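What follows is one structure encoded as C-alpha coordinates, with my remarks underneath.
Only a predicted model underlies this, so the values are computations on that prediction, with no experimental measurement involved. Residue numbers start from 1 in every chain, and the chains themselves are labelled A, B, ... in the order their sequence lines are given, proteins ahead of strands.
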Amino acid sequence: MLEEVIYYEERGTKYGIIAHPAIEKKEAPLVVFLNAGLVNRQGPNGIYVKLSRDLKAAGFASFRFDLPGIGDNINDSRWSSKTQFYAEELRSVIDHFRAAGRFDSFILLGLCTGANMAFDYALGENAVKGICMINGTRMPQGGNGGRSIRVRYYRKYLTDIRRWLKFLSFKKLLRVPGYFILVLVVIGGKAWSLLSGKAKGKAAKKDPAAGPKEITWWPVLLNRGVEVFQVVSEGSESFDCIDNPDKRVADLVVSRDNYREQIIYDADHTFTSIVSQKALIEGIVRWCQSRFN
Amino acid sequence: MNQQAAYFGLHFKRYFSLLFEPASITSRCVVLICNPIGQENIRTNKAVIHLGRELAGQGIPAMTFDYFGMGDSSGRSEDMTSHSCLESITESAAYLKSQTGIDDVILLGIRMGGLFALGSDAVIRPKAVVLWHPVINGAAYVEESRREHRKWLLGSFVPKDGLFKKKTEMLGFLYSESFNEQISRMRVDLHAMNRTCLWLGNTDPKSMDSPAGENKHVTYLASAYRKFWTKSGLDDAIVPIHDIRCIVNWIKPLGVLTPTNR
(Lines give C-alpha, C1' and ligand atoms only; values in the text may rest on other atoms or scores of the structure.)
Protein backbone atom coordinates (compact mmCIF):
# COMPACT_ATOMS: atom_id res chain seq x y z
CA MET A 1 0.00 0.00 0.00
CA LEU A 2 1.87 3.04 -1.20
CA GLU A 3 0.05 5.93 0.37
CA GLU A 4 1.69 8.46 2.62
CA VAL A 5 1.00 11.77 4.30
CA ILE A 6 2.78 14.73 2.71
CA TYR A 7 3.09 18.10 4.44
CA TYR A 8 3.14 20.76 1.79
CA GLU A 9 3.67 23.89 3.87
CA GLU A 10 6.85 25.09 5.48
CA ARG A 11 5.23 25.39 8.88
CA GLY A 12 4.20 21.76 8.59
CA THR A 13 0.53 22.18 9.37
CA LYS A 14 -1.05 21.40 6.04
CA TYR A 15 -1.07 18.00 4.55
CA GLY A 16 -2.59 15.67 2.04
CA ILE A 17 -2.20 12.08 0.98
CA ILE A 18 -0.15 10.95 -1.95
CA ALA A 19 -0.84 7.60 -3.56
CA HIS A 20 2.01 6.56 -5.78
CA PRO A 21 2.55 3.47 -7.89
CA ALA A 22 5.27 0.97 -7.12
CA ILE A 23 7.12 2.10 -10.25
CA GLU A 24 6.49 5.73 -11.08
CA LYS A 25 6.44 6.52 -14.77
CA LYS A 26 9.04 9.03 -15.80
CA GLU A 27 7.49 12.37 -16.73
CA ALA A 28 4.04 11.20 -15.65
CA PRO A 29 1.98 14.06 -14.20
CA LEU A 30 0.64 14.10 -10.67
CA VAL A 31 -3.15 13.99 -10.45
CA VAL A 32 -4.36 16.52 -7.88
CA PHE A 33 -7.88 16.14 -6.52
CA LEU A 34 -9.90 19.25 -5.69
CA ASN A 35 -12.71 19.18 -3.12
CA ALA A 36 -16.23 18.77 -4.39
CA GLY A 37 -18.19 21.48 -2.61
CA LEU A 38 -17.72 21.03 1.14
CA VAL A 39 -16.98 17.31 1.00
CA ASN A 40 -13.57 16.40 2.40
CA ARG A 41 -10.70 14.88 0.42
CA GLN A 42 -12.34 11.43 0.28
CA GLY A 43 -14.71 12.92 -2.26
CA PRO A 44 -18.45 12.27 -2.45
CA ASN A 45 -19.08 8.60 -1.62
CA GLY A 46 -15.33 8.19 -1.20
CA ILE A 47 -14.80 8.24 -4.98
CA TYR A 48 -11.54 10.22 -4.81
CA VAL A 49 -10.01 7.47 -2.67
CA LYS A 50 -11.25 4.73 -5.00
CA LEU A 51 -10.09 6.66 -8.05
CA SER A 52 -6.65 7.38 -6.60
CA ARG A 53 -6.12 3.67 -6.01
CA ASP A 54 -7.13 2.72 -9.53
CA LEU A 55 -4.90 5.47 -10.92
CA LYS A 56 -2.09 4.10 -8.82
CA ALA A 57 -2.63 0.66 -10.33
CA ALA A 58 -2.47 2.27 -13.78
CA GLY A 59 0.87 3.90 -12.94
CA PHE A 60 -0.26 7.42 -12.00
CA ALA A 61 0.49 9.15 -8.72
CA SER A 62 -2.23 11.27 -7.16
CA PHE A 63 -2.59 13.70 -4.28
CA ARG A 64 -5.72 14.46 -2.30
CA PHE A 65 -5.91 17.27 0.22
CA ASP A 66 -8.40 19.69 1.74
CA LEU A 67 -8.81 23.28 0.68
CA PRO A 68 -9.03 25.92 3.46
CA GLY A 69 -12.12 25.51 5.61
CA ILE A 70 -12.90 22.02 4.29
CA GLY A 71 -12.29 18.66 5.96
CA ASP A 72 -9.15 18.59 8.13
CA ASN A 73 -7.93 21.96 6.91
CA ILE A 74 -9.49 24.27 9.43
CA ASN A 75 -6.23 25.64 10.74
CA ASP A 76 -6.73 28.52 8.42
CA SER A 77 -8.37 31.76 9.44
CA ARG A 78 -8.53 33.16 5.89
CA TRP A 79 -12.17 33.31 5.04
CA SER A 80 -12.73 36.59 3.25
CA SER A 81 -12.47 35.42 -0.36
CA LYS A 82 -12.45 31.68 -0.63
CA THR A 83 -11.83 31.59 -4.40
CA GLN A 84 -8.58 33.47 -4.03
CA PHE A 85 -7.42 31.45 -1.04
CA TYR A 86 -8.35 28.17 -2.67
CA ALA A 87 -6.12 29.16 -5.58
CA GLU A 88 -3.31 30.12 -3.19
CA GLU A 89 -3.61 26.80 -1.43
CA LEU A 90 -3.46 24.91 -4.70
CA ARG A 91 -0.41 26.94 -5.69
CA SER A 92 1.27 25.89 -2.40
CA VAL A 93 0.64 22.26 -3.29
CA ILE A 94 1.98 22.57 -6.82
CA ASP A 95 4.99 24.62 -5.71
CA HIS A 96 5.79 22.04 -3.05
CA PHE A 97 5.95 19.16 -5.52
CA ARG A 98 7.91 21.18 -8.05
CA ALA A 99 10.40 22.37 -5.44
CA ALA A 100 10.84 18.82 -4.22
CA GLY A 101 11.65 17.85 -7.81
CA ARG A 102 9.12 15.06 -7.78
CA PHE A 103 6.67 16.35 -10.38
CA ASP A 104 6.82 19.00 -13.08
CA SER A 105 3.39 18.55 -14.55
CA PHE A 106 -0.05 18.16 -13.06
CA ILE A 107 -3.56 17.03 -13.86
CA LEU A 108 -6.28 18.79 -11.88
CA LEU A 109 -9.37 16.75 -11.19
CA GLY A 110 -12.52 17.97 -9.52
CA LEU A 111 -16.22 17.37 -9.24
CA CYS A 112 -18.78 20.18 -9.34
CA THR A 113 -17.11 23.26 -7.82
CA GLY A 114 -13.81 21.38 -7.95
CA ALA A 115 -14.19 21.04 -11.72
CA ASN A 116 -14.73 24.76 -12.14
CA MET A 117 -11.75 25.47 -9.94
CA ALA A 118 -9.60 23.11 -12.02
CA PHE A 119 -10.56 25.02 -15.16
CA ASP A 120 -9.96 28.45 -13.63
CA TYR A 121 -6.60 27.53 -12.15
CA ALA A 122 -5.37 25.82 -15.31
CA LEU A 123 -5.88 29.05 -17.25
CA GLY A 124 -3.02 30.71 -15.39
CA GLU A 125 -0.67 27.80 -14.66
CA ASN A 126 1.55 26.30 -17.33
CA ALA A 127 2.46 23.30 -15.19
CA VAL A 128 -1.10 22.04 -15.53
CA LYS A 129 -1.10 19.67 -18.48
CA GLY A 130 -4.57 18.26 -18.09
CA ILE A 131 -7.86 18.84 -16.35
CA CYS A 132 -10.61 16.38 -15.64
CA MET A 133 -13.91 18.11 -14.99
CA ILE A 134 -16.70 16.05 -13.51
CA ASN A 135 -20.16 17.62 -13.51
CA GLY A 136 -18.84 21.15 -13.75
CA THR A 137 -18.37 22.26 -17.34
CA ARG A 138 -17.66 25.99 -17.43
CA MET A 139 -19.86 26.08 -20.51
CA PRO A 140 -23.12 27.77 -21.37
CA GLN A 141 -25.98 25.67 -20.18
CA GLY A 142 -28.60 24.48 -22.62
CA GLY A 143 -32.07 23.84 -21.25
CA ASN A 144 -33.14 25.23 -17.92
CA GLY A 145 -31.02 23.69 -15.17
CA GLY A 146 -33.12 22.09 -12.48
CA ARG A 147 -36.22 21.96 -14.64
CA SER A 148 -34.51 19.99 -17.41
CA ILE A 149 -33.29 17.45 -14.83
CA ARG A 150 -36.87 16.93 -13.72
CA VAL A 151 -38.04 16.60 -17.31
CA ARG A 152 -35.33 13.99 -17.99
CA TYR A 153 -36.22 12.16 -14.80
CA TYR A 154 -39.95 11.98 -15.49
CA ARG A 155 -39.39 11.08 -19.13
CA LYS A 156 -37.11 8.25 -18.08
CA TYR A 157 -39.53 6.79 -15.59
CA LEU A 158 -42.81 7.54 -17.30
CA THR A 159 -43.74 3.88 -17.27
CA ASP A 160 -42.36 2.98 -13.83
CA ILE A 161 -45.36 2.23 -11.61
CA ARG A 162 -43.34 2.28 -8.35
CA ARG A 163 -42.25 5.85 -8.96
CA TRP A 164 -45.77 6.92 -9.87
CA LEU A 165 -47.01 5.41 -6.61
CA LYS A 166 -44.34 7.30 -4.71
CA PHE A 167 -45.25 10.52 -6.49
CA LEU A 168 -48.97 10.05 -5.89
CA SER A 169 -48.59 9.09 -2.24
CA PHE A 170 -47.92 12.78 -1.34
CA LYS A 171 -46.21 11.54 1.81
CA LYS A 172 -44.21 14.68 2.34
CA LEU A 173 -47.22 16.90 1.72
CA LEU A 174 -49.23 15.10 4.35
CA ARG A 175 -46.41 15.18 6.92
CA VAL A 176 -45.67 18.90 6.74
CA PRO A 177 -48.67 21.20 6.25
CA GLY A 178 -46.38 24.19 5.67
CA TYR A 179 -44.73 22.31 2.84
CA PHE A 180 -48.14 21.69 1.29
CA ILE A 181 -48.88 25.44 1.29
CA LEU A 182 -45.43 26.16 -0.13
CA VAL A 183 -46.02 23.68 -2.95
CA LEU A 184 -49.35 25.32 -3.75
CA VAL A 185 -47.70 28.74 -3.85
CA VAL A 186 -44.86 27.48 -6.08
CA ILE A 187 -47.24 25.66 -8.46
CA GLY A 188 -49.48 28.73 -8.59
CA GLY A 189 -46.51 30.98 -9.27
CA LYS A 190 -45.20 28.71 -12.01
CA ALA A 191 -48.61 28.50 -13.63
CA TRP A 192 -48.94 32.28 -13.52
CA SER A 193 -45.50 32.87 -15.00
CA LEU A 194 -46.15 30.34 -17.76
CA LEU A 195 -49.50 31.90 -18.61
CA SER A 196 -48.15 35.41 -18.57
CA GLY A 197 -45.06 34.46 -20.58
CA LYS A 198 -42.65 35.38 -17.78
CA ALA A 199 -41.09 31.93 -17.75
CA LYS A 200 -39.73 32.41 -21.22
CA GLY A 201 -38.13 35.66 -20.23
CA LYS A 202 -36.62 34.08 -17.15
CA ALA A 203 -35.17 31.26 -19.16
CA ALA A 204 -33.65 33.76 -21.56
CA LYS A 205 -32.16 35.63 -18.63
CA LYS A 206 -30.61 32.41 -17.34
CA ASP A 207 -29.12 31.58 -20.71
CA PRO A 208 -25.42 32.38 -20.45
CA ALA A 209 -25.37 33.19 -24.16
CA ALA A 210 -25.65 36.75 -22.92
CA GLY A 211 -22.27 36.45 -21.19
CA PRO A 212 -19.79 34.56 -23.40
CA LYS A 213 -16.88 35.19 -21.02
CA GLU A 214 -16.25 31.52 -20.39
CA ILE A 215 -16.47 30.66 -24.05
CA THR A 216 -13.53 32.93 -24.75
CA TRP A 217 -11.47 31.18 -22.05
CA TRP A 218 -11.77 27.75 -23.64
CA PRO A 219 -9.58 28.47 -26.71
CA VAL A 220 -6.92 29.96 -24.41
CA LEU A 221 -6.73 26.69 -22.53
CA LEU A 222 -6.97 24.37 -25.50
CA ASN A 223 -4.47 26.35 -27.63
CA ARG A 224 -1.94 25.89 -24.87
CA GLY A 225 -2.26 22.14 -25.37
CA VAL A 226 -3.97 21.36 -22.07
CA GLU A 227 -5.76 18.02 -22.27
CA VAL A 228 -9.37 18.31 -21.13
CA PHE A 229 -11.72 15.53 -20.13
CA GLN A 230 -15.33 16.40 -19.34
CA VAL A 231 -17.50 13.84 -17.58
CA VAL A 232 -21.15 14.50 -16.88
CA SER A 233 -23.80 12.32 -15.32
CA GLU A 234 -27.41 12.08 -16.39
CA GLY A 235 -28.61 13.43 -13.06
CA SER A 236 -26.49 16.57 -13.17
CA GLU A 237 -27.35 20.05 -14.43
CA SER A 238 -24.15 19.89 -16.47
CA PHE A 239 -25.64 17.15 -18.62
CA ASP A 240 -27.32 19.63 -20.96
CA CYS A 241 -24.02 21.41 -21.69
CA ILE A 242 -22.63 18.23 -23.22
CA ASP A 243 -25.75 16.51 -24.51
CA ASN A 244 -27.12 19.59 -26.18
CA PRO A 245 -24.17 21.96 -26.53
CA ASP A 246 -24.26 25.59 -27.42
CA LYS A 247 -23.25 26.08 -31.09
CA ARG A 248 -20.20 28.15 -30.16
CA VAL A 249 -19.04 25.38 -27.84
CA ALA A 250 -19.35 22.84 -30.62
CA ASP A 251 -17.27 25.05 -32.94
CA LEU A 252 -14.61 26.15 -30.48
CA VAL A 253 -14.24 23.25 -28.10
CA VAL A 254 -15.76 19.90 -28.99
CA SER A 255 -13.96 19.56 -32.31
CA ARG A 256 -10.52 19.97 -30.74
CA ASP A 257 -8.11 17.04 -30.52
CA ASN A 258 -7.19 17.66 -26.91
CA TYR A 259 -10.81 17.74 -25.76
CA ARG A 260 -12.70 14.59 -24.73
CA GLU A 261 -16.07 14.12 -23.12
CA GLN A 262 -18.10 11.30 -21.66
CA ILE A 263 -21.70 11.05 -20.53
CA ILE A 264 -22.52 8.57 -17.80
CA TYR A 265 -26.17 7.55 -17.85
CA ASP A 266 -28.10 6.19 -14.86
CA ALA A 267 -25.95 8.26 -12.51
CA ASP A 268 -26.71 11.07 -10.11
CA HIS A 269 -24.63 14.21 -9.58
CA THR A 270 -22.31 12.64 -6.99
CA PHE A 271 -22.13 9.13 -8.46
CA THR A 272 -23.78 7.39 -5.56
CA SER A 273 -24.39 4.06 -7.26
CA ILE A 274 -21.42 1.72 -7.38
CA VAL A 275 -22.02 0.94 -11.07
CA SER A 276 -21.75 4.63 -11.95
CA GLN A 277 -18.64 4.99 -9.77
CA LYS A 278 -17.01 2.17 -11.70
CA ALA A 279 -17.93 3.75 -15.04
CA LEU A 280 -16.53 7.09 -13.90
CA ILE A 281 -13.29 5.62 -12.60
CA GLU A 282 -12.74 3.45 -15.68
CA GLY A 283 -13.35 6.43 -17.96
CA ILE A 284 -10.85 8.64 -16.15
CA VAL A 285 -8.17 5.97 -15.91
CA ARG A 286 -8.58 5.23 -19.63
CA TRP A 287 -8.28 8.94 -20.45
CA CYS A 288 -5.10 9.29 -18.36
CA GLN A 289 -3.59 6.25 -20.04
CA SER A 290 -4.45 7.37 -23.53
CA ARG A 291 -3.36 10.99 -23.16
CA PHE A 292 -0.42 10.84 -20.74
CA ASN A 293 1.31 7.53 -21.39
CA MET B 1 -2.64 22.86 19.26
CA ASN B 2 -1.04 20.69 16.64
CA GLN B 3 -2.78 18.42 14.18
CA GLN B 4 -0.60 15.45 13.27
CA ALA B 5 -1.68 13.20 10.41
CA ALA B 6 0.10 9.88 9.97
CA TYR B 7 -0.23 6.33 8.79
CA PHE B 8 0.57 3.45 11.11
CA GLY B 9 0.29 -0.32 10.97
CA LEU B 10 1.65 -3.02 8.76
CA HIS B 11 2.28 -2.70 5.04
CA PHE B 12 -0.92 -4.45 3.97
CA LYS B 13 -3.09 -2.99 6.73
CA ARG B 14 -2.30 0.65 7.24
CA TYR B 15 -4.51 3.01 9.20
CA PHE B 16 -4.83 6.73 8.72
CA SER B 17 -4.78 8.66 11.99
CA LEU B 18 -5.16 12.27 12.97
CA LEU B 19 -3.77 13.21 16.36
CA PHE B 20 -4.82 16.47 18.03
CA GLU B 21 -1.97 17.42 20.32
CA PRO B 22 -2.57 20.15 22.90
CA ALA B 23 0.02 22.89 23.33
CA SER B 24 0.37 21.65 26.91
CA ILE B 25 -1.24 18.47 28.17
CA THR B 26 -3.40 19.05 31.23
CA SER B 27 -5.07 15.64 31.32
CA ARG B 28 -4.02 12.16 32.23
CA CYS B 29 -6.48 10.74 29.72
CA VAL B 30 -6.46 10.56 25.95
CA VAL B 31 -9.58 10.33 23.82
CA LEU B 32 -9.91 7.93 20.91
CA ILE B 33 -12.72 8.92 18.57
CA CYS B 34 -14.40 5.99 16.80
CA ASN B 35 -16.19 7.22 13.68
CA PRO B 36 -19.37 6.02 12.05
CA ILE B 37 -19.12 4.10 8.79
CA GLY B 38 -20.14 4.79 5.20
CA GLN B 39 -22.01 7.93 4.27
CA GLU B 40 -22.31 8.88 7.96
CA ASN B 41 -18.53 8.83 8.18
CA ILE B 42 -18.27 11.56 5.55
CA ARG B 43 -21.14 13.58 7.01
CA THR B 44 -19.67 13.62 10.54
CA ASN B 45 -16.13 14.43 9.46
CA LYS B 46 -16.44 18.12 10.23
CA ALA B 47 -17.95 17.44 13.67
CA VAL B 48 -15.13 15.01 14.50
CA ILE B 49 -12.44 17.51 13.53
CA HIS B 50 -14.06 20.20 15.67
CA LEU B 51 -14.44 17.77 18.57
CA GLY B 52 -10.77 16.81 18.39
CA ARG B 53 -9.71 20.43 18.30
CA GLU B 54 -11.98 21.40 21.20
CA LEU B 55 -10.57 18.56 23.30
CA ALA B 56 -7.00 19.52 22.46
CA GLY B 57 -7.85 23.13 23.24
CA GLN B 58 -8.71 21.98 26.77
CA GLY B 59 -5.40 20.15 27.11
CA ILE B 60 -6.78 16.69 26.33
CA PRO B 61 -5.00 14.79 23.52
CA ALA B 62 -7.42 13.18 21.09
CA MET B 63 -7.11 11.05 18.01
CA THR B 64 -9.39 9.97 15.22
CA PHE B 65 -8.64 7.27 12.69
CA ASP B 66 -10.17 5.48 9.72
CA TYR B 67 -11.24 1.86 10.03
CA PHE B 68 -9.66 -0.64 7.68
CA GLY B 69 -11.67 -0.26 4.45
CA MET B 70 -12.92 3.26 5.24
CA GLY B 71 -11.66 6.73 4.43
CA ASP B 72 -7.93 7.01 3.86
CA SER B 73 -6.99 3.70 5.52
CA SER B 74 -6.10 0.76 3.35
CA GLY B 75 -8.67 -1.77 2.19
CA ARG B 76 -12.06 -1.47 0.54
CA SER B 77 -15.43 -1.17 2.24
CA GLU B 78 -16.45 -4.58 0.88
CA ASP B 79 -13.52 -6.15 2.79
CA MET B 80 -14.68 -4.79 6.15
CA THR B 81 -15.77 -7.13 8.91
CA SER B 82 -16.85 -6.40 12.46
CA HIS B 83 -13.57 -8.03 13.53
CA SER B 84 -11.55 -5.67 11.32
CA CYS B 85 -13.37 -2.68 12.84
CA LEU B 86 -12.67 -3.83 16.39
CA GLU B 87 -9.07 -4.56 15.43
CA SER B 88 -8.78 -1.05 13.97
CA ILE B 89 -9.85 0.39 17.33
CA THR B 90 -7.44 -1.78 19.31
CA GLU B 91 -4.53 -0.94 17.01
CA SER B 92 -5.39 2.76 17.13
CA ALA B 93 -5.61 2.75 20.93
CA ALA B 94 -2.16 1.17 21.12
CA TYR B 95 -0.78 3.71 18.66
CA LEU B 96 -2.36 6.61 20.58
CA LYS B 97 -0.83 5.40 23.83
CA SER B 98 2.58 5.06 22.21
CA GLN B 99 2.38 8.56 20.72
CA THR B 100 1.29 10.34 23.89
CA GLY B 101 2.76 8.14 26.61
CA ILE B 102 -0.62 8.18 28.35
CA ASP B 103 -2.27 4.85 29.19
CA ASP B 104 -5.75 5.98 30.22
CA VAL B 105 -7.94 5.93 27.14
CA ILE B 106 -11.47 7.27 26.84
CA LEU B 107 -13.33 5.67 23.94
CA LEU B 108 -15.73 7.99 22.16
CA GLY B 109 -18.01 6.30 19.65
CA ILE B 110 -20.33 8.00 17.20
CA ARG B 111 -23.25 6.01 15.65
CA MET B 112 -21.82 2.58 14.66
CA GLY B 113 -18.58 3.71 16.26
CA GLY B 114 -20.44 3.50 19.58
CA LEU B 115 -21.23 -0.17 19.05
CA PHE B 116 -17.67 -0.88 17.96
CA ALA B 117 -16.30 1.03 20.97
CA LEU B 118 -18.41 -1.11 23.30
CA GLY B 119 -17.27 -4.21 21.41
CA SER B 120 -13.61 -3.41 22.05
CA ASP B 121 -14.19 -2.45 25.69
CA ALA B 122 -12.95 -5.79 27.06
CA VAL B 123 -9.63 -5.57 25.18
CA ILE B 124 -8.85 -1.88 25.64
CA ARG B 125 -10.34 -1.52 29.14
CA PRO B 126 -10.92 2.21 28.76
CA LYS B 127 -11.22 4.62 31.64
CA ALA B 128 -14.58 5.78 30.33
CA VAL B 129 -16.81 5.44 27.31
CA VAL B 130 -18.72 8.20 25.52
CA LEU B 131 -21.56 7.12 23.24
CA TRP B 132 -22.71 9.91 20.95
CA HIS B 133 -25.97 9.07 19.20
CA PRO B 134 -24.97 5.40 19.30
CA VAL B 135 -26.62 2.78 17.15
CA ILE B 136 -28.58 0.77 19.70
CA ASN B 137 -29.56 -2.17 17.58
CA GLY B 138 -27.36 -3.30 14.70
CA ALA B 139 -30.18 -5.10 12.91
CA ALA B 140 -32.36 -1.99 13.01
CA TYR B 141 -29.42 0.06 11.74
CA VAL B 142 -28.89 -2.23 8.74
CA GLU B 143 -32.60 -2.19 7.99
CA GLU B 144 -32.75 1.60 8.27
CA SER B 145 -29.72 1.97 5.98
CA ARG B 146 -31.33 -0.32 3.41
CA ARG B 147 -34.56 1.64 3.66
CA GLU B 148 -32.70 4.92 3.15
CA HIS B 149 -30.93 3.46 0.14
CA ARG B 150 -34.18 2.23 -1.40
CA LYS B 151 -35.73 5.64 -0.78
CA TRP B 152 -32.82 7.35 -2.48
CA LEU B 153 -32.98 4.88 -5.35
CA LEU B 154 -36.62 5.67 -6.04
CA GLY B 155 -35.87 9.34 -6.50
CA SER B 156 -32.65 8.88 -8.45
CA PHE B 157 -31.58 8.30 -12.02
CA VAL B 158 -30.34 4.84 -11.14
CA PRO B 159 -32.42 1.94 -12.38
CA LYS B 160 -33.07 -0.82 -9.87
CA ASP B 161 -31.40 -3.47 -12.01
CA GLY B 162 -28.16 -1.48 -12.07
CA LEU B 163 -27.22 -2.63 -8.61
CA PHE B 164 -24.83 -5.22 -7.32
CA LYS B 165 -26.59 -8.40 -6.37
CA LYS B 166 -24.36 -10.33 -4.02
CA LYS B 167 -22.94 -7.52 -1.96
CA THR B 168 -25.01 -4.92 -0.25
CA GLU B 169 -24.82 -1.42 -1.62
CA MET B 170 -25.74 1.32 0.80
CA LEU B 171 -25.70 4.95 -0.26
CA GLY B 172 -22.44 4.94 -2.18
CA PHE B 173 -20.65 2.20 -0.28
CA LEU B 174 -20.48 -1.50 -0.89
CA TYR B 175 -20.42 -3.94 2.01
CA SER B 176 -20.33 -7.70 2.12
CA GLU B 177 -23.43 -9.55 3.20
CA SER B 178 -21.44 -11.15 6.02
CA PHE B 179 -20.49 -7.72 7.39
CA ASN B 180 -24.14 -6.73 7.49
CA GLU B 181 -24.97 -9.97 9.27
CA GLN B 182 -22.22 -9.32 11.80
CA ILE B 183 -23.49 -5.80 12.42
CA SER B 184 -27.04 -7.10 12.73
CA ARG B 185 -25.98 -9.27 15.63
CA MET B 186 -24.52 -6.32 17.54
CA ARG B 187 -26.55 -4.54 20.13
CA VAL B 188 -25.88 -2.09 22.95
CA ASP B 189 -25.72 -3.95 26.21
CA LEU B 190 -24.79 -1.68 29.06
CA HIS B 191 -25.83 -4.22 31.66
CA ALA B 192 -22.31 -5.43 32.24
CA MET B 193 -20.79 -1.98 31.86
CA ASN B 194 -18.75 -1.19 34.93
CA ARG B 195 -17.09 1.88 33.55
CA THR B 196 -18.12 5.48 33.64
CA CYS B 197 -20.18 6.12 30.54
CA LEU B 198 -21.76 9.16 28.95
CA TRP B 199 -24.73 8.57 26.68
CA LEU B 200 -25.44 11.62 24.52
CA GLY B 201 -28.37 11.14 22.22
CA ASN B 202 -32.10 11.30 21.77
CA THR B 203 -32.87 7.90 23.28
CA ASP B 204 -32.60 7.75 27.05
CA PRO B 205 -31.13 4.32 27.92
CA LYS B 206 -33.49 4.25 30.91
CA SER B 207 -36.38 4.16 28.49
CA MET B 208 -34.92 1.22 26.62
CA ASP B 209 -36.36 -2.18 27.22
CA SER B 210 -33.13 -3.42 28.71
CA PRO B 211 -31.49 -3.78 32.11
CA ALA B 212 -28.97 -1.26 30.80
CA GLY B 213 -31.22 1.48 32.06
CA GLU B 214 -30.55 0.49 35.64
CA ASN B 215 -26.80 0.91 35.35
CA LYS B 216 -25.64 3.68 37.67
CA HIS B 217 -22.40 4.15 35.76
CA VAL B 218 -24.27 5.58 32.80
CA THR B 219 -24.99 9.31 32.60
CA TYR B 220 -27.57 10.38 30.05
CA LEU B 221 -27.54 13.79 28.42
CA ALA B 222 -30.06 14.80 25.79
CA SER B 223 -28.54 15.84 22.50
CA ALA B 224 -29.51 19.19 21.05
CA TYR B 225 -29.51 17.69 17.56
CA ARG B 226 -31.65 15.07 15.95
CA LYS B 227 -29.72 13.60 13.02
CA PHE B 228 -26.66 15.65 12.22
CA TRP B 229 -25.14 12.69 10.34
CA THR B 230 -27.74 12.79 7.58
CA LYS B 231 -28.98 15.48 5.27
CA SER B 232 -32.62 14.61 5.66
CA GLY B 233 -33.81 17.37 7.96
CA LEU B 234 -33.77 21.12 7.82
CA ASP B 235 -32.67 21.48 11.46
CA ASP B 236 -29.54 19.37 11.11
CA ALA B 237 -26.20 20.98 11.71
CA ILE B 238 -22.91 19.84 10.22
CA VAL B 239 -21.05 20.89 13.35
CA PRO B 240 -23.19 20.19 16.43
CA ILE B 241 -21.27 22.57 18.62
CA HIS B 242 -23.58 22.30 21.66
CA ASP B 243 -23.09 18.51 21.83
CA ILE B 244 -19.35 18.92 21.34
CA ARG B 245 -19.13 21.28 24.33
CA CYS B 246 -21.24 18.87 26.41
CA ILE B 247 -18.80 16.07 25.67
CA VAL B 248 -15.72 18.17 26.38
CA ASN B 249 -17.17 19.42 29.67
CA TRP B 250 -18.01 15.87 30.72
CA ILE B 251 -14.59 14.46 29.81
CA LYS B 252 -12.54 17.28 31.28
CA PRO B 253 -12.93 16.40 35.00
CA LEU B 254 -12.12 12.72 34.32
CA GLY B 255 -8.53 13.45 33.51
CA VAL B 256 -7.73 16.42 35.71
CA LEU B 257 -4.10 16.43 36.71
CA THR B 258 -3.63 17.05 40.40
CA PRO B 259 -0.29 17.54 42.21
CA THR B 260 -0.50 13.88 43.28
CA ASN B 261 -1.18 12.26 39.94
CA ARG B 262 0.79 14.66 37.79
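Q4(B) CD to Y15(A) OH: the interatomic distance, rounded to the nearest 0.5 Å, is 9.0 Å. Atom CE of M170(B) is separated from atom OG1 of T272(A) by 15.0 Å, given to the nearest 0.5 angstrom. In this structure, CD on Q39(B) lies 5.0 Å from CG on N45(A), to the nearest 0.5 angstrom. Between the CD1 atom in I49(B) and the CD1 atom in I70(A) there is a gap of 13.0 Å [rounded to 0.5 Å].
Counting only distance, with no hydrogens or angles, the side chain of E3(A) and the backbone of S74(B) share no donor-acceptor pair below 3.5 Å. Under the 3.5 Å distance criterion, the side-chain polar atoms of Q42(A) are left unmatched by any main-chain donor or acceptor of I42(B). Side chain of R14(B) to main chain of L2(A): no donor-acceptor pair is present (N/O by atom type, distance under 3.5 Å, no hydrogens or angles). Using modelled atom types, one side-chain atom of Q277(A) and one backbone atom of G172(B) make a donor-acceptor pair closer than 3.5 Å. The closest donor-acceptor contact from the side chain of R53(A) to the backbone of R76(B) lies at 3.5 Å or more, if one exists at all.
The shortest distance between side-chain heavy atoms of I264(A) and F157(B) does not fall below 4.5 Å. When side chains are defined from C-beta on, F173(B) does not count as touching I274(A), because their heavy atoms never get closer than 4.5 Å.
When every heavy atom of L154(B) is checked against every heavy atom of Y153(A), the shortest pair comes out as O-OH, 2.6 Å.
Contacts between A5(B) and chain A at a heavy-atom distance below 4.5 Å involve backbone atoms as well as side-chain atoms.
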Start with the C-alpha distance between D72(B) and R64(A), add both sets of side-chain angles, then the distance that settles side-chain contact (heavy atoms from CB on, under 4.5 Å), and finish with yes or no.
-> CA-CA 10 Å; D72(B) 292 314; R64(A) 48 186 198 271; 2.9 Å; yes

Would you please test W152(B) and S273(A) for side-chain contact (heavy atoms from CB on, under 4.5 Å) and show each step?
-> CA-CA 10 Å; W152(B) 166 78; S273(A) 85; 4.2 Å; yes

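With K46(B) as reference, I74(A) is the one residue of L38(A), I74(A), D72(A), N40(A) to meet the side-chain contact (heavy atoms from CB on, under 4.5 Å) rule.
Around the NZ atom of K252(B), the shell of radius 6.0 Å holds no more than 12 heavy atoms that belong to other residues, nucleotides or ligands.
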